[in-house]
Each structure stands twice: as structure tokens, then as C-alpha cells.
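FYI, side chains are in, hydrogens and waters are out, and symmetry mates aren't considered; it's all heavy atoms of this structure. The structure presented is a predicted model; accordingly, all values stated were derived computationally and were not measured. Chain identifiers are assigned alphabetically (A, B, ...) following the order of the sequence lines, protein sequences preceding nucleic acid strands; residue numbering begins at 1 within each chain.
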Number of protein chains: 2
Amino acid sequence: METPAFNSEIHVKGWVRTRRGSKRVAFIHLNDGSTIHNLQIVADIEQFGEEMMKKISTGACIAVTGKLVESMGKGQRMEILAEQILIYGEADPEKYPLQKKGHSMEFLREIAHLRPRTNTFGAIFRIRHALAFAIHKYFNHHGFIYLHTPIITGSDAEGAGEMFRVSILDPKDPPLNDTGEVDFHEDFFGKETKLTVSGQLEGELGALALSEIYTFGPTFRAENSNTPRHLAEFWMIEPEMAFYDIDDNMDLAEDFLKYLISYAIEHHADDLAFLEKMYDPELMERLRFILDNPFVRTTYTKAITVLEQSGIKFEFPVKWGSDLQAEHERYLVEKHYKKPVILTDYPMDIKAFYMKQNNDGKTVRAMDVLFPRIGEIIGGSQREEDYDKLYNRIKILNIPEKDLWWYLETRQFGTAPHSGFGLGFERLVQFVTGMANIRDVIPFPRTPKNAEF
Amino acid sequence: METPAFNSEIHVKGWVRTRRGSKRVAFIHLNDGSTIHNLQIVADIEQFGEEMMKKISTGACIAVTGKLVESMGKGQRMEILAEQILIYGEADPEKYPLQKKGHSMEFLREIAHLRPRTNTFGAIFRIRHALAFAIHKYFNHHGFIYLHTPIITGSDAEGAGEMFRVSILDPKDPPLNDTGEVDFHEDFFGKETKLTVSGQLEGELGALALSEIYTFGPTFRAENSNTPRHLAEFWMIEPEMAFYDIDDNMDLAEDFLKYLISYAIEHHADDLAFLEKMYDPELMERLRFILDNPFVRTTYTKAITVLEQSGIKFEFPVKWGSDLQAEHERYLVEKHYKKPVILTDYPMDIKAFYMKQNNDGKTVRAMDVLFPRIGEIIGGSQREEDYDKLYNRIKILNIPEKDLWWYLETRQFGTAPHSGFGLGFERLVQFVTGMANIRDVIPFPRTPKNAEF
């Protein structure tokens, strides 16, 4: 937006952040949520009357017409000399919960309907928006098709975690069949349905027709994890690409993450500076660490050797065949390589059935991207395109074939090498904003025993 | 993408749409899903061998290296003389369901995992992608923040329709409380939760902090409607704007819809031409009708008079106070005004509780945008910003106050005039692609008794 010229008449609307001043003049800081910077309104108290000025308290919504002038005060380049003020809505100082003083993040979570009015959450949600837009922009530019995969699913084959049931049956007296079990034939979809944990399998169907697709939608985990890293409802981005091998997949993941972080820095430098100052003094350094380093690419097996030879006593012991914990991932990134790391070729038994099997018979073409502070930010793989190998793996893992007939058919008809990965959107927003708790980077978090608003 | 020069060596990958030719030469039509146009590959049968050529059948996935040359044949400007062909995946002609001949839309719905490989669904999903991107682009450009409102909700106050329950309780033996009712305190969220029917109420919270926001996410209706117009799971776009009155809201809706349709025409002329030719000879005319006409803006009350004086015998009788049916809406647009129409100021009793009440005591500041063929495409309103009026309406309608305390608080603290609307994404895609059935504009439709894939 172009800044209007000095001495022009302008018209602004927003919410009062603070009002201070003398007996003669009030300085009102106004914000409409579009930027971290407040606009200073200077109002002659005699002109507007004490009665009216009292109503212009923190949280009130007003419209101001006035002249834009150079500011004599500190902290702003310009201010508005108020000529007219219209009060849209007052905010009784006795009742309005967001007063000038700082509030704990815990308290702000309880008033999630009002917290976007704070500097902190304004900044977070603007950055969240920018990252979402950058994701769409990046993929659109590269010819990817945005594919809406289903939210309600009749298959739980992905096996990524506990699932929520979706039903319209009477919860108290569900219909039962002859064997005394709940008769899901009478449910809305004629069978038991759940909320999706991933759009990947359907995404692969898209890639094996349209070449390059991505999903960006909500996914769900019914896990009773009350931690700063877990949400029951969160958004995922899952690109799937025909004709990409694992190296192409790694190239894409690195370029994509660097693009997103660059975009946030380019478009929201002021919001990031605010968050760095208030919450996380190493925020910009950590973002630049991602941009300035080529990602190290090595195997899980080599990483295990590095960890074993580190001399560090980790909380979780290091052993080939075990999954890596955040402490291991952070050691590799922060202490050993001092660069972002992509680990490949994980043991088959700790990864999902659809990953491409290596010839060694014990590892798969998985790739996990590891970042400082948070560990894994992306998990992906080349997918198994060979029908027989995929079918055998499904049999060994006892996954019901009837849940996956359509997935298997894509390997029977015109199969192709292909790859993809998943990025948890809130993990990304957490990394870019430096927020310690994932509940503070989504407008209305869903967690165990909490679905307010 | 730049077209490579003639005689350059190029490398292409994709799926075989058809193979025809003589004993000596095969003409393979290849498509990778990025465009409606196939690429013609010319292969010398002797060079590659009959055995191999047989495997290059409809549905097979291949990579071809060859020389790009001017085509002598009809229907394409250029073709590739194959030097090397690699077969990634065959597609047994005895088993592959997508043969050259046309298939019914009903049949293609049963193989939704393969239908994106057809010309029709390639075109539809590319246009769907383009519309989704254009939505984000438009709002980002205008300073709107993309707000992710919750999918799982503890409130059913919006009242837009039947809802799906989300639960992890044992469906057969749910825990009961002292009064013999299901004890939802033991459920994941500690209370009964549903899938959202709209993000609007939470969207308003965002607008009353960040000024201009929009949602774009899945919404759900558990209605047993087996029609070409209904889905149980569909995507909605819901902008909400502080400081917009109903006129600003109408300006936005008209500009937004025109932008989206222009974007589709600009970026997907070939796909639209294909759909027009194959399915809907009036498609482009209908799209241009939207672009070329200013939308007529009039009131519900005037529309009732027009309908009453039309002399038409409608299936549903016209009466002030009744909701308009598609037949009425289409008459207004197609026969009477011959322009897209925005109707405003509907009877209070047929509209939702949150709409701004007019001074007449019987109408509200609703606005519905009506299009040819489909009737209502957008429904919106100025929102009631007055606490007392909103509170009284909630009481009259017996909506539990405990479900809406947070919504009511925004009218207590810094309330502002504001407006918004909802656009069903699939209705839009249906309009732009001309598809008769809404199940054909979403990759994996969810409808009564159907949640396959």
C-alpha cells in the first residue's frame, strides 16, 4: 500500500491498543491487524470532550478522520491529528480481558476469540497466512495441481495413528447386527468411517495421472498427547510426484523449505523482528541457518555410527533399527553437521508399508528432513511402484487388501517411479515464528479435553 | 513452459492414451496430465520390436527420448520421433478399465482412482486447481488473511444443517452417566463434538481483529440428499470483513466472482473449449454472461413482486416469507433481468440469527448472488454488530448461550460493522466446468452410502 502524502486528509479504522497522554492531548495507538505497527492518533481532549475520550479505551473500535502529519514524538514517523472520531464499539475496561499489560500464553489460549487482537498473535497469524500463500504460489509456479483428498475416509490403511470415528448413529442405542456388533451398514456412509490421518495414498492416485500434485488440508490424530508439539487437528501439505526418485524428492524438499522461509523473511520482516525481540533472540539466526547451508544428505546407517561415536549419553539409547528421537536428530543438526540434514534409507521395519524397498532387503528409500530445535520437519520417501513387492509387504503387515484395492491397482496399470513427502504446517509455522507451543500457531487449537470456540 | 526447438533431443514421460498405426509405424498419443493435448510419438516398429510395441497399450506408462520434429499428420503441430522408449508400467488391455472408448460418468465415479487419467477429469481437476489458486491469489492481493477455522467443533450454533458426530468412545458400549445418557466427558474432547458446517462464526472473530480474513476449508452436511447438487463433504470459501457494509460486501462478491471466472478463461482456455465441445455447448456463453454484465441488485421483496407478476406457474408457489427455489432464482436471472442478480433484505425468519436486522423489524441485510443454471452461488450478509439485538435474536431462537459466549463477547468488546459471505467451492467448479453432477468436480466424492477410496 502506498503511504499517503503528509497533510492529506485520511480516514482510518481499527481497535485501540492504548491511550495515554496529558490533560490536554490524548495519544491513541490504533491497529487494524494488518501490521505490527500502530498508528498514533493525536486527539485534542477539549475538542472531543472528556466523556467521549473515556470511551476510547483499550479494545474499543473507532474510525478517525484527520490530517496525516510528521510526528514530533519518538517511535513513529507520522501521526494523525484527529478531526472526527466515531466510536463503533466500546470495551468496558472493567470487563475487557485484554488490557495493556502482558498476558501469559496460557491465559491467551483461554481467550482464543480475542487473542488475534494482540501484537503477538497478529504477527503469528500474518506469518501463518504468508506461509500458506507461499506454499500455493510455489506449487502453482512449478506446475503442481492442488488436489483435495478426502477428509472422511473408509480406510485406515495408512496406519499413521489413532483415528476419530465419524458417525450419525445414535450414540446411546446404536443398531446392532446378528452377531451383536454395531451395524455400520445403517450409518451415513454404509460403513465405519474415520477422519483422515493423511491424504498421501489418494495423493499418489493423483500423481499417477496428473504427474505432480499436492494436498493442503486438515488431518487428525486421536492421540492423548498433551504436549507442546501435538494437536488433534492440524494441517498437512503432501506433494506427490510421478517420475521423481528420492534425489529429486530431496531437491524439491530443500528448495521448497528455503523458498518458504525466504518468503516469510521478505514479506514479514517486521513481524519476525517483533517475535525475535519478544520471544526468541535466535529466531533470525536459525532461519538464516536454513537458507545459508546446503542440506547434508546422508543415510540413517551413517547417522547411527555418528551418534554411537559421539560419546554423548542420550536419554534414548542409539541402536540400528530404532527410530531416532528429537535429541538424536538435534545432535546431528546442531552439533555434528552444523547444517540441516536429510537422512535416507531407514530400516524397513520402522517405516510405512508404501516406501520403496532397497535391494539390501532391510532398508527403504525414506527421507527425513531434520531442522535445529524441532528435529524432523519433513518425512517422505520414494514410493514402492512394484506391484509384487508392495503386495507382499501388505500381506506381511496384515493390512486388509480390501481397504487398498484401488491403491494396488495403480501399480498394476501404468505404474511409474514416484515420490512424495509430508510437511506438518503447524510445525513449519512454529519453526518460522519461534513459538514454543504448537497451540499458539493455530487460531483454535484442538487438544485432549479441549474443543472450545 | 517454453516449447523446445525443432530437431532438439527431448525426453518425455507420461501415460499412453492411444496407440494406432500401420505395420511399420506406431503413433502413440502420450499425456502426463499437465494439458488436454496429447503428444504424438512416432515409433518404428521394427526398431523396437513387435513384442515391446504390444506392451505400449492404453494406460501404460513410458519414457521416450527422441527428436522433436514438425508433424506431417493432422491434429498436431509437432511430434517426437522415438529413439529410445522405456516402459515403466504396462496396463493389460484385458484388465485395464479405461479403454479408448467413452465411458459413462457413473462408471468413472466407480473408478475414481483412475478417472483423473481421462481427458475430462484432467481438464476438470486442472480448472479446479486454477480456481483454488485464483482464490488465494485474489485475497492475498487484497490484504486478506487466510484463517484456518476449526473442523471439529463443540458448538452447533450455526444451525446450517445436520452434523456428523466425531468421537472415540466405544460405539457399542459407550460410557453412561448417572442419568443413563452417554457420558461425553469421557470422549476425546470432554464433550460432544461434531464436524463443522461453516467457519463463519470463527471467521468473524478473525475479522474483528485482523480486519479482512477468509477461510477455505472442508465443511460437512449429514443430510441424506442423493442429488446432483449435494455432497456430504465439500469445500467452502468464507470471507469476513470488518468495516464492510452490505454494499461493500456486494462489491466484493461481484468483483471476486468475475476475477475467478476471468482467471479460469485466461489460464485454461483449452480445457474449457474441450468441456464445451464434449459436454456443454453454452459453457463459454454462460461464463461471458457473468463477465459482461453488471450484477443487478434488488431486494427480495421486489423479486417476489416480479415473480408474482410473471404469469408463470412455478412448481413451488411464490409468497412473501417463503424461501426462493432454484426455479424462481433462474427465472429472475435468465428470463426477467437477463443478468446475474444479487437479492438483498430477505425476511428475517428464513435467514440465520447473525444477520443484521433492518429497521422494518421483519427483514435482514442478507445478500444472495444468483447465477444462471444453478441459482444461488453465494449467500452472505452484513452481520448484526449490536449486542442487544443479537442477544435477543439468540434468545428468541432458543440457541444455547453457552455455545456462543465467545461470539457474543465480540459485540461487547470493540464491536464493528462487518460483513461476509460463503461460496461453495464445488458449486463454483460446477459452474465453471459446466458439469451436471457435483460428484464429478471433486476427486473423491462423499455421499450417502459412499466413502470409497
Side-chain angles (χ1 to χ4, degrees), chain A residues 13 15 32-34 59-61 88-89 91 96 113 116-117 125-126 129 132-133 136 140 143 145-148 150-152 154 164-168 171-172 174 182 188-190 193 202 205-206 209-211 218 222 233 235 243 406 409 413-416 442-444 446 448-451 453, chain B residues 13 15 32-34 59-61 88-89 91 96 113 116-117 125-126 129 132-133 136 140 143 145-148 150-152 154 164-168 171-172 174 182 188-190 193 202 205-206 209-211 218 222 233 235 243 406 409 413-416 442-444 446 448-451 453:
Chain A
K13 295 164 180 175
W15 289 269
D32 69 356
S34 63
C61 184
Y88 285 127
Y96 186 57
H113 61 311
R117 299 183 184 186
F125 295 144
R126 283 188 296 271
H129 161 77
F133 184 67
H136 287 296
N140 182 68
I145 304 262
Y146 181 26
L147 194 79
H148 288 107
I151 310 301
I152 299 173
F164 290 101
R165 188 181 320 100
V166 173
S167 176
I168 60 164
K172 192 175 151 195
V182 174
F188 188 89
F189 295 106
T193 50
E202 291 89 353
L205 309 180
L210 304 164
S211 290
E233 172 182 313
W235 288 67
F243 314 120
W406 41 272
E409 277 201 3
F413 303 127
T415 190
I442 189 167
F444 305 99
R446 266 69 184 115
K449 304 297 170 199
N450 171 44
F453 312 105
Chain B
K13 295 164 180 174
W15 289 268
D32 70 354
S34 64
C61 185
Y88 285 128
Y96 187 57
H113 60 310
R117 299 184 184 186
F125 295 143
R126 283 188 295 271
H129 161 77
F133 184 68
H136 288 296
N140 182 68
I145 303 263
Y146 181 26
L147 194 80
H148 288 108
I151 311 300
I152 298 172
F164 290 101
R165 188 180 320 101
V166 174
S167 175
I168 60 165
K172 193 176 150 191
V182 174
F188 188 89
F189 296 107
T193 50
E202 292 90 352
L205 308 179
L210 305 164
S211 291
E233 171 181 313
W235 289 67
F243 314 120
W406 41 273
E409 278 201 4
F413 303 126
T415 191
I442 188 166
F444 305 99
R446 264 69 182 115
K449 304 298 172 198
N450 172 44
F453 311 106

> Where do B/Pro443 and A/Leu147 come nearest, in terms of heavy atoms and distance?
Replying inline: CG-CD1, 3.8 Å
>> Which atoms of B/Phe133 are under 4.5 Å from chain A, going by heavy atoms: the side chain, the backbone, both sets, or neither?
In response: side chain
> Under a 4.5 Å heavy-atom cut-off, does chain B meet the side chain of A/Phe164, its backbone, both or neither?
Replying inline: both
> In terms of the angle between their ring planes, are A/Trp15 and B/Phe243 parallel, tilted or perpendicular, with boundaries placed at 30° and 60°?
Replying inline: tilted
> Roughly how far, to the nearest 0.5 Å, is CD1 of A/Ile151 from CZ of B/Phe444?
Replying inline: 12.0 Å
> Using non-hydrogen atoms only, which part of A/Pro218 is less than 4.5 Å away from chain B: side chain, backbone, both, or neither?
Replying inline: side chain
> chain B heavy atoms under 4.5 Å from A/Glu202: which part of the residue, side chain, backbone, both or neither?
Replying inline: both
>> Please check this pair: side chain of B/Thr193 against backbone of B/Ile152, looking for a donor-acceptor N/O pair closer than 3.5 Å.
In response: no
>> Let me confirm one number: the CZ-CZ distance from A/Arg117 to B/Phe413, rounded to the nearest 0.5 Å.
In response: 9.0 Å
>> Tell me which of these, A/Arg126, A/Glu409, A/His136, has more heavy-atom pairs under 4.5 Å with chain B than the rest.
In response: A/His136
> So which of B/Ile442, B/Ile168, B/Asp32, B/Asn140 has the largest heavy-atom pair count under 4.5 angstrom toward chain A?
Replying inline: B/Asn140
> Can you tell which of A/Ser34, A/Ala132, A/Pro116, A/Ser167 has the highest number of heavy-atom pairs within less than 4.5 Å of chain B?
Replying inline: A/Ser167
> Heavy atoms, side chains only, cut-off 4.5 Å: are B/Phe188 and A/Pro448 in contact?
Replying inline: yes
>> Just so I understand: if I count every heavy-atom pair under 4.5 Å between each of B/Gly143, B/Ala451, B/Gly154, B/Ala60 and chain A, which residue has the most?
In response: B/Ala451
> A/Pro174 versus chain B, heavy atoms under 4.5 Å apart: side chain, backbone, both or neither?
Replying inline: side chain
>> Can you classify the ring geometry of B/His148 versus B/Tyr146 as parallel (below 30°), tilted (30 to 60°) or perpendicular (above 60°)?
In response: tilted
> In terms of heavy-atom pairs under 4.5 Å, which option from A/Gly206, A/Gly190, A/Ala222 contacts chain B the most?
Replying inline: A/Ala222
>> Quick check for you: among A/Gly33, A/Cys61, A/Ala91, A/Pro150, which has the greatest number of heavy-atom pairs under 4.5 Å with chain B?
In response: A/Pro150
> Is it the backbone or the side chain of A/Asn450 that comes under 4.5 Å from a heavy atom of chain B, or both, or neither?
Replying inline: backbone
> When rounded to the nearest 0.5 angstrom, what distance separates CG in B/Leu205 from CZ in A/Phe453?
Replying inline: 8.0 Å
